[in-house]
Amino acid sequence: MEDSILKLLSSVRPYTYTKEMIAEALGLKRSSELIELADTLDTMEENDQIVRRKGGTYATIEQAGYVQGIIHINRRGTGFIDRDNDLSIMVPADELTAAMNGDTVLVNHVHYDDYGEKLQGSLVKVVKHATTTVVGTFRMDYRHLHFVPDDEQLQDKSIDLRLPKGFLPQEGLKIICTIEKYGQPLVLAYEATIGNIKEPGVDILSVLLESGIDPVFPDDVKEQVKTIPMEVQPGELEGRVNLTEDPTVTIDGDDSKDFDDAVSVAKDGDGWRLRVSIADVSHYVTQDSPLDKEAYKRGCSTYVTDRVVPMLPEELSNGICSLNPHVVRLTNTCEMHVAKDGTVTSKMVYASYIRSFARMTYHNVNLILDGDAEKQKEYSFLGSLFFDLRDCADAIRSERTRKGAIDFDTPEAEIIVDENGHPTDIRMRQRGHAERMIEDCMIAANVAIAELMNAKDIPCVYRIHETPKPRKLKDFQRIGYVLNHPFTYKGDITPKAIQSYLGSLEDTPEYPILSMAMLRCMQKARYDRSCLGHFGLAEQYYLHFTSPIRRYPDLIVHRMLRKYMYENAEGDRFADNKRMDDDAEQSSIRERASADAEFACEDMKKAEYMQDHVGEVVEGIISSVTSFGFFVQLPNTIEGLVSIYSLPGDFDYDADRLALVSWYPKAEYHVGMKVTVTVAEADKEKGQITFELVQPSSANKDRKPAAKRQGEHQTHTDKRQAKKPSIDRRSSRDRRRSAAPKSEKTRDGYPSRDRKPYNRSAASRKHATGKKGSFHGSVKASGYGTKGKGENRRRKPKGKA
């Protein structure tokens with residue numbers, strides 16, 4: 001009935017139909033139908049699908065001018081709702097008393113501001129709160145103990161903290177609280193003690209809990225795990241293809257323990273027969289079971305500096321579901337015939353069981369491929385498996401490249417920590433041939449399964465990546481022009497155009513900056529019930545099938561494969577399609593939360609590492625320029641801010657040239673420029689590093705950053721920008737007062753093995769006794785605990801697609 005109502009209201013002017021008119025138009029006359037209509041209208045109004053005026057007339061949410069979206073609140077308190085194909089909507093800070101960062105909100109009265117440049121709206125209500133808990137620390141300030149939230153955006157809020165009777169706050173003690181009431185004041189109730197900030201591991205655990213990532217599994221999940229046999233039973237093999245004699249291996253990182261994919265390859269005529277076998281997690285995690293509900297809640301595993309919070313308990317993720325060597329495991333196998341040119345000419349999927357011949361690491365496979373005689377002898381029982389796999393994967397990659405797949409190959413940091421979690425080294429993570437060939441095989445399997453499921457119209461969750469927004473591409477064109485590498489394209493943007501552009505820059509010093517800048521232009525990949533294609537991979541059909549141990553969408557795909565392809569069930573298709581909408585949205589939300597936690601931990605550990613290097617002189621490259629300074633990136637990916645306050649001279653921000661310019665003394669600092677800086681400060685809690693300029697590299701003294709090279713073509717936009725640079729003419733003092741530093745850093749659980757698992761109930765018993773009381777004293781924060789979270793680009797653990 002909902003669809004009929006929406007279709008009817010959309011066909012007429014807003015607020016035309018009353019309830020009685022809707023009933024008449026839909027031909028509803030019986031009392032039971034009228035009662036159902038009334039209930040449906042009330043439900044649709046509660047769910048923000050329709051709006052009712054005082055006169056009893058209805059309109060759809062779109063007709064009424066309402067916009068629903070996720071609000072992001074900056075450090076000044078202003079909210080923004082980003083939209084895929086339109087301008088963002090700004091919501092003033094004074095209207096956001098009840099809204100928090102990441103909440104789903106409803107706004108109306110959307111209009112252009114006084115300058116006609118930005119859209120502004122008014123908050124109607126908060127549809128769904130994203131934050132339900134708050135992590136904070138007790139701090140001593142002017143002889144008074146204050147509770148300071150770790151989230152800097154909450155530190156200016158008035159907070160009413162209710163503590164248990166007998167609880168004794170101590171300086172440096174971290175606790176987690178439940179939000180009992182939103183708004184002013186924000187009412188918090190003590191939930192558990194995390195530990196003292198000086199204790200090893202408390203820093204990362206705090207970040208995880210603040211993101212809603214709990215290393216401890218509920219009791220009902222633990223009880224279900226006890227009922228699952230830790231060895232495959234003979235009856236479970238019935239109806240499955242026996243692949244135990246097929247030479248099959250897993251290839252993962254040195255420290256990996258959850259192996260959810262295995263590969264086998266053999267020459268077949270002019271091409272190869274490639275089998276990608278994936279752990280059949282759906283056999284053990286059944287729909288709506290406690291395990292399934294907890295996996296849905298978590299959405300994915302979270303990989304941080306020195307630990308992993310798994311989506312599934314260790315007994316499954318490292319045990320019965322993991323494709324450990326020399327034991328039988330249940331799998332779903334995607335079998336493909338790959339032609340010599342890399343095209344997949346045939347594909348099929350079936351239930352199977354395997355016995356992995358060996359647990360291989362990327363490092364050892366790279367040694368074998370590079371001709372290491374000792375490793376080749378050690379694994380000689382596998383014959384030419386790795387060389388055949390290399391040739392097959394290289395052919396697949398060549399075909400992907402031909403279609404236009406974009407390989408950003410952005411630098412990724414590897415943080416080495418000691419037994420106390422203190423970072424001792426930060427270096428570039430190396431990716432060899434083994435990492436790339438496994439990625440190619442996994443992408444090929446994901447594409448093949450997506451094509452099969454789409455052809456049979458099976459309900460599932462697809463992985464989609466939409467076309468970049470034109471305004472983002474225009475921003476990138478400015479950067480390309482500044483760095484003397486203009487980016488032009490005709491008509492609609494294509495992956496091939498971006499691939500060709502980046503490919504032409506691989507050997508240039510500016511490539512890392514331009515590659516990262518182009519990555520920022522891309523829309524965020526997400527999950528959706530509809531198959532909308534993957535722009536970055538240049539694929540029409542794509543989903544996630546290869547990691548069901550650590551991603552909930554993959555588990556859904558396996559479950560739907562079993563239901564509709566193996567068992568030919570059809571009765572629940574409509575219900576499953578509706579369920580996919582919710583599963584896709586939840587998976588996307590949890591993926592972002594997991595990525596935020598990963599980025600926050602990385603920023604925190606980088607800042608902690610640089611605390612040991614304060615005063616050192618280092619050389620880096622300017623990665624971005626803002627009105628309040630510029631960010632400098634070091635070769636090991638560490639990034640810090642050179643504040644405009646620390647620069648000698650009176651600088652203005654030139655938005656067109658992405659530069660800070662001073663006319664006296666004459667100086668300019670622009671994107672891509674090499675500079676020498678001193679490490680001035682590193683704040684672990686804020687995840688921020690501050691540099692001070694020593695001098696620009698001598699190689700840049702005579703460079704003219706925005707000069708047009710002879711013979712180069714300029715776009716219309718570039719010509720306009722070159723004629724009249726747009727410079728902020730306000731005085732430096734006025735400009736600096738209005739500029740609030742904002743991180744522009746960017747970067748697709750369980751406690752560490754030597755530590756005891758965090759136990760919320762045990763921690764609570766230490767301090768929580770008696771009834772709840774009130775914490776008397778000021779709780780208004782004063783600048784503690786910011787965590788720079790950067791963009792939500794999910795790092796791919798273990799280097800897999």
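- Ion pairing of E591 with R463 is present here, as a side-chain N (NZ or NE/NH1/NH2) and a carboxylate O approach within less than 4.0 Å.
- Remark: Y552 pairs with Y296 by the ring pair (Phe, Tyr, Trp, His ring centres under 6.0 Å) rule, at least two apart or across chains.
- The side-chain contact (heavy atoms from CB on, under 4.5 Å) test applied to Q233 returns P229, E231, E236, not counting sequence neighbours.
- Taken from NE2 in H558 to NE2 in H544, the straight-line distance is 12.0 Å, to the nearest 0.5 Å.
- None of D246, T331, N332 except one satisfies the side-chain hydrogen bond (donor to acceptor under 3.5 Å, both in side chains) rule with S352; the exception is T331.
- With hydrogens and angles disregarded, a donor-acceptor distance shorter than 3.5 Å links the side chain of N242 to the backbone of T244.
- With sequence neighbours left out, D288 forms a salt bridge (Lys or Arg N to Asp or Glu O under 4.0 Å) with R579.
- I438 places none of its side-chain heavy atoms less than 4.5 Å from the side chain of D440.
- Side chains of L154 and V134 form a contact here, defined as non-hydrogen atoms less than 4.5 Å apart.
- Applying the side chain to side chain donor-acceptor pair (under 3.5 Å) test to Y564 and every residue at least two apart in sequence or in another chain returns D576.
- Remark: D48 engages K125 in a side chain to side chain donor-acceptor pair (under 3.5 Å) (not counting sequence neighbours).
- Checked against the 6.0 Å centroid criterion, the rings of Y462 and Y527 do not qualify as a close aromatic pair.
- By the 4.0 Å N-to-carboxylate-O rule, R162 lies close enough to E180 to be salt-bridged with it.
- Under the side-chain contact (heavy atoms from CB on, under 4.5 Å) criterion, E539 pairs with K403, V447, L537, sequence neighbours left out.
- A salt bridge is defined here as a Lys NZ or Arg NE, NH1 or NH2 lying under 4.0 Å from an Asp or Glu carboxylate O, and R431 with E412 fails to meet this definition.
- Put simply, the side chain of V232 reaches to within 4.5 Å of the side chain of I320, judged on heavy atoms.
- For the atom pair S317 OG and F259 CZ, the distance stands at 11.0 Å (nearest 0.5 Å).
- The shortest heavy-atom contact between R551 and T546 is NH2-OG1, 3.7 Å.
- Side chain of R329 to main chain of Y353: no donor-acceptor pair is present (N/O by atom type, distance under 3.5 Å, no hydrogens or angles).
- For H534, the ring pair (Phe, Tyr, Trp, His ring centres under 6.0 Å) partners are H465, Y542, not counting sequence neighbours.
- Between P553 and G299, the closest heavy-atom pair is CD-O, 4.1 Å.
- Taking a cutoff of 4.0 Å between a charged side-chain nitrogen and a carboxylate oxygen, E451 and K347 qualify as a salt bridge.
- To the nearest 0.5 Å, the span separating CG on D280 from CG on L330 amounts to 6.0 Å.
- Contact of the I175 side chain with the Y190 side chain is registered, since non-hydrogen atoms from C-beta on lie closer than 4.5 Å.
- Rounding to the nearest 0.5 Å gives a distance of 8.5 Å between CD of E191 and OG1 of T132.
- Note on D220 versus K293: no salt bridge recorded, every NZ/NE/NH1/NH2 to OD/OE distance being 4.0 Å or above.
- Atoms CE and OG, from M580 and S530 in turn, are 12.5 Å apart once rounded to the nearest 0.5 Å.
- At a threshold of 4.0 Å, the pair D203-K605 counts as salt-bridged, since one of the basic side-chain nitrogens sits closer than that to a carboxylate oxygen.
- Residues satisfying the side-chain contact (heavy atoms from CB on, under 4.5 Å) test with D39, not counting sequence neighbours, are I35.
- Between atom OH of residue Y350 and atom CG of residue L561 there is a gap of 13.5 Å, rounded to the nearest 0.5 Å.
- With sequence neighbours excluded, no residue forms a side chain to side chain donor-acceptor pair (under 3.5 Å) with N318.
- Residues satisfying the salt bridge (Lys or Arg N to Asp or Glu O under 4.0 Å) test with E414, not counting sequence neighbours, are R427.
- Between F167 and L173 the shortest side-chain heavy-atom distance falls below 4.5 Å.
- Scored by the side-chain contact (heavy atoms from CB on, under 4.5 Å) test, M1 finds I5, L28, E36, L37, T40 as partners (sequence neighbours excluded).
- Across every non-hydrogen atom of A448 and M336, the tightest pair is CB-SD, 4.0 Å.
- Inter-residue side-chain proximity for C321 and E315 is flagged as unmet; no heavy-atom pair is nearer than 4.5 Å.
- Using a 4.0 Å cut-off between charged side-chain N and carboxylate O, E439 and R436 make no salt bridge.
- The side-chain heavy atoms of D261 and I251, taken from C-beta on, include no pair separated by under 4.5 Å.
- At distances below 3.5 Å, at least one donor-acceptor pair connects side-chain atoms of Q224 with backbone N or O atoms of L291.
- Between the side chains of T137 and K174, at least one donor N or O lies within less than 3.5 Å of an accepting N or O.
- Partners of N196 by side chain to side chain donor-acceptor pair (under 3.5 Å), not counting sequence neighbours: none found.
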